[in-house]
Amino acid sequence: MKTRSLLKIAIIFIVAVCVAGIGGLYAGTTVQDVIKMENKAYAKHKKSILEFSHKKHVEEYKAGCGECHHDENNKPLDNLKEGDDVQNCIECHSKPSMKPKGKGAKKLTKKEALEYHAEAIHQNCKGCHKDFNKKNKADKKKSAPTKCKECHPKKKK
Ligand code: HEC
Ligand code: HEC
Ligand code: HEC
Ligand code: HEC
């Protein structure tokens with residue numbers, strides 16, 4: 001009797017491990033708690049690389065998935081779950097650089113500007129940070145980075 005229930009437990013355990021293993025194989029994109037924002041599409045980064053606290057943004061700052069992730073029509077993906085397939089920003093905002101600026105640079109429409117990866121990233125991050133800072137003006141301890149040097153503290157060597 002005793003050995004049989006032990007056997008049963010052993011079988012359940014083995015089945016559970018297999019299911020978890022297969023689940024792992026077929027799961028969608030996983031996300032790291034902290035993402036090193038060093039997109040490989042860039043030939044060279046001019047600025048220092050930022051470590052983006054993905055988990056903190058979701059859990060502590062209570063940012064919804066759809067505030068950053070959207071579909072090909074810019075419809076917010078509010079109902080993303082751990083394990084869903086998530087496309088990288090660069091798959092749609094596909095030009096790996098800042099938008100051209102300065103003398104002689106062509107004036108871009110909003111849509112053209114957003115083709116540049118760094119432009120889309122900056123608009124997303126800074127947009128929310130600016131709103132947050134405006135709302136929390138009175139609280140000196142609360143401040144989200146909006147200046148170049150706060151996110152890119154030094155030039156990349
Ligand atoms: C504050 C903005 C923000 C929020 C909120 C956010 N994400 Fe992300 N997420 C990102 C950025 C930026 C990346 C990196 C994408 C890239 O490298 O192109 C990312 C990457 C991911 C990836 C990995 C994609 C890959 O292929 O590497 C997954 C999965 C993901 N997020 C899921 C979620 C889910 C689920 C939620 C909601 C619970 C969520 N994210 C909330 C900004 C955010
Ligand atoms: C599946 C394609 C796709 C992916 C992936 C994608 N975007 Fe977009 N994004 C779009 C489209 C389309 C628009 C609308 C562009 C326009 O106005 O013509 C847009 C617009 C934006 C805007 C402007 C928002 C507004 O409404 O003014 C920002 C900022 C942005 N994306 C940032 C990001 C970031 C950051 C990521 C990655 C976390 C990302 N996008 C991933 C397709 C995508
Ligand atoms: C929907 C709102 C929102 C978006 C979008 C967002 N953030 Fe934030 N971020 C915050 C808030 C809120 C804080 C916390 C400010 C505080 O409490 O002082 C923060 C803080 C930070 C900090 C400093 C603290 C930390 O956790 O490291 C960094 C760096 C940062 N964000 C980077 C980014 C980057 C990079 C992006 C774009 C990929 C981004 N954020 C997009 C809301 C946002
Ligand atoms: C909220 C944080 C944040 C702020 C503020 C910010 N950046 Fe960025 N920047 C990023 C992130 C994240 C990327 C994407 C890097 C990647 O994915 O490879 C980026 C990309 C870039 C790139 C393209 C990659 C490279 O290194 O060549 C340039 C150039 C750049 N930023 C310059 C600036 C300048 C200039 C300012 C101020 C006007 C600024 N950034 C403000 C977070 C920030």
Side-chain angles (χ1 to χ4, degrees), residues 18-157:
C18 289
V19 169
I22 292 163
L25 268 179
Y26 287 96
T29 353
T30 51
V31 59
Q32 297 153 280
D33 293 351
V34 175
I35 301 175
K36 197 171 176 201
M37 297 296 283
E38 185 170 24
N39 200 290
K40 299 287 179 251
Y42 286 81
K44 190 174 183 292
H45 281 78
K46 293 194 190 80
K47 298 285 179 182
S48 61
I49 305 302
L50 176 132
E51 311 244 311
F52 171 54
S53 54
H54 193 273
K55 188 177 184 181
K56 249 186 172 179
H57 273 75
V58 173
E59 291 183 3
E60 273 179 44
Y61 311 151
K62 310 276 180 231
C65 314
E67 295 188 69
C68 303
H69 296 284
H70 43 251
D71 68 7
E72 65 282 0
N73 301 313
N74 195 16
K75 190 175 159 292
L77 295 169
D78 291 322
N79 300 315
L80 274 182
K81 289 179 303 298
E82 183 70 35
D84 286 348
D85 270 326
V86 174
Q87 284 178 283
N88 289 117
C89 315
I90 198 116
E91 289 179 55
C92 302
H93 303 280
S94 59
K95 296 181 175 165
S97 74
M98 293 258 270
K99 69 177 178 196
K101 56 178 184 202
K103 258 196 216 149
K106 188 178 151 243
K107 180 113 179 60
L108 301 177
T109 62
K110 187 173 173 274
K111 198 184 163 100
E112 286 168 335
L114 280 167
E115 288 171 15
Y116 293 89
H117 179 253
E119 179 65 24
I121 292 274
H122 285 149
Q123 275 190 28
N124 176 248
C125 316
K126 289 200 232 170
C128 179
H129 289 174
K130 277 183 186 156
D131 291 344
F132 177 85
N133 292 344
K134 216 185 270 169
K135 270 188 226 131
N136 294 285
K137 234 190 226 154
D139 190 342
K140 290 229 158 50
K141 271 178 283 179
K142 285 189 177 165
S143 163
T146 56
K147 297 192 188 79
C148 315
K149 279 192 175 149
E150 293 175 299
C151 286
H152 306 287
K154 52 190 182 304
K155 270 227 161 122
K156 212 184 168 226
K157 282 156 268 159

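Atoms within a ligand are numbered from 1 in the order they appear, just like the ligands themselves. In what follows, every heavy atom counts, from backbone to side chain, and hydrogens, waters and symmetry copies are set aside. Given the structure is predicted, the values throughout are model-derived calculations rather than measurements.
Between Lys149 and ligand 4 there is no heavy-atom distance shorter than 4.0 Å. Proximity of His70 to ligand 2 is established by a heavy-atom distance of less than 4.0 Å. A heavy-atom separation below 4.0 Å is found between Asn88 and ligand 2.
Inclusion of His57 in the set of residues having an N or O under 3.5 Å from an N or O of ligand 3 is warranted. For Ser97, no nitrogen or oxygen atom sits less than 3.5 Å from a nitrogen or oxygen atom of ligand 4, counting backbone and side chain alike. Residue Thr146 has no nitrogen or oxygen atom sitting less than 3.5 Å from a nitrogen or oxygen atom of ligand 4, judged on distance alone. For the pair His122 and ligand 4, the shortest N or O to N or O distance falls below 3.5 Å. Residue His129 places at least one N or O, backbone or side chain, under 3.5 Å from an N or O of ligand 3.
Distances below 4.0 Å separate heavy atoms of Lys142 from the following atoms of ligand 3: 18 (O). The Glu67 neighbourhood of ligand 3 comprises atoms 1 (C), with distances under 4.0 Å to a heavy atom of that residue. Against a heavy-atom cut-off of under 4.0 Å, Lys111 is close to the following atoms of ligand 2: 16 (C), 18 (O). For ligand 2, the atoms lying closer than 4.0 Å to a non-hydrogen atom of Lys110 are 25 (C), 27 (O). Taking a cut-off of under 4.0 Å to the non-hydrogen atoms of Asn124, the atoms of ligand 3 that pass are 5 (C), 37 (C). Atoms of ligand 2 lying under 4.0 Å from any heavy atom of Glu72, numbered from 1 in the order shown and given with element: 1 (C), 2 (C), 12 (C).
For Leu50, every heavy-atom contact with ligand 3 shorter than 4.0 Å involves the side chain, none the backbone. Under 4.0 Å from ligand 4, heavy atoms of Lys46 appear from its side chain as well as its backbone. Residue contacts with ligand 4, taken as heavy atom pairs separated by less than 4.0 Å, involve Tyr42 solely via side-chain atoms from C-beta onward.
Atom 27 (O) of ligand 3 has Ser53 OG, 3.6 Å as its closest protein atom, hydrogens excluded (heavy atom only). Scanning the protein heavy atoms around atom 3 (C) of ligand 4, the nearest turns out to be Cys151 SG, 2.8 Å. In terms of protein heavy atoms, atom 18 (O) of ligand 3 is closest to Ser143 N, 2.8 Å. Nearest protein heavy-atom neighbour of atom 24 (C) of ligand 2: Asn74 ND2, 4.0 Å. With respect to atom 19 (C) of ligand 3, the closest heavy atom belonging to the protein is Tyr61 CE1, 3.4 Å. Closest to atom 15 (C) of ligand 3 among all protein heavy atoms lies Phe132 CE2, 3.4 Å.
Residue contact annotation: Cys148 places no N/O/S atom under 2.8 Å from atom 8 (Fe) of ligand 4. With a cut-off of 2.8 Å, atom 8 (Fe) of ligand 4 has an N, O or S atom of His152 in range.
Put simply, the residue from Lys55, His57, Glu51 that forms a side chain to side chain donor-acceptor pair (under 3.5 Å) with Ser53 is His57.
One option in Gly64, Cys125, Gly66, Cys128 has a heavy atom closer to atom 2 (C) of ligand 3 than any other, and that option is Cys128. Closest heavy-atom approach to atom 21 (C) of ligand 3 among the candidates Cys68, Pro145, Ala144, Cys89: Pro145.
Asp139 CG: more than 12 foreign heavy atoms inside a 6.0 Å radius.
Between the NE2 atom of His54 and the CE atom of Met37 there is a distance of 9.5 Å, given to the nearest 0.5 Å.
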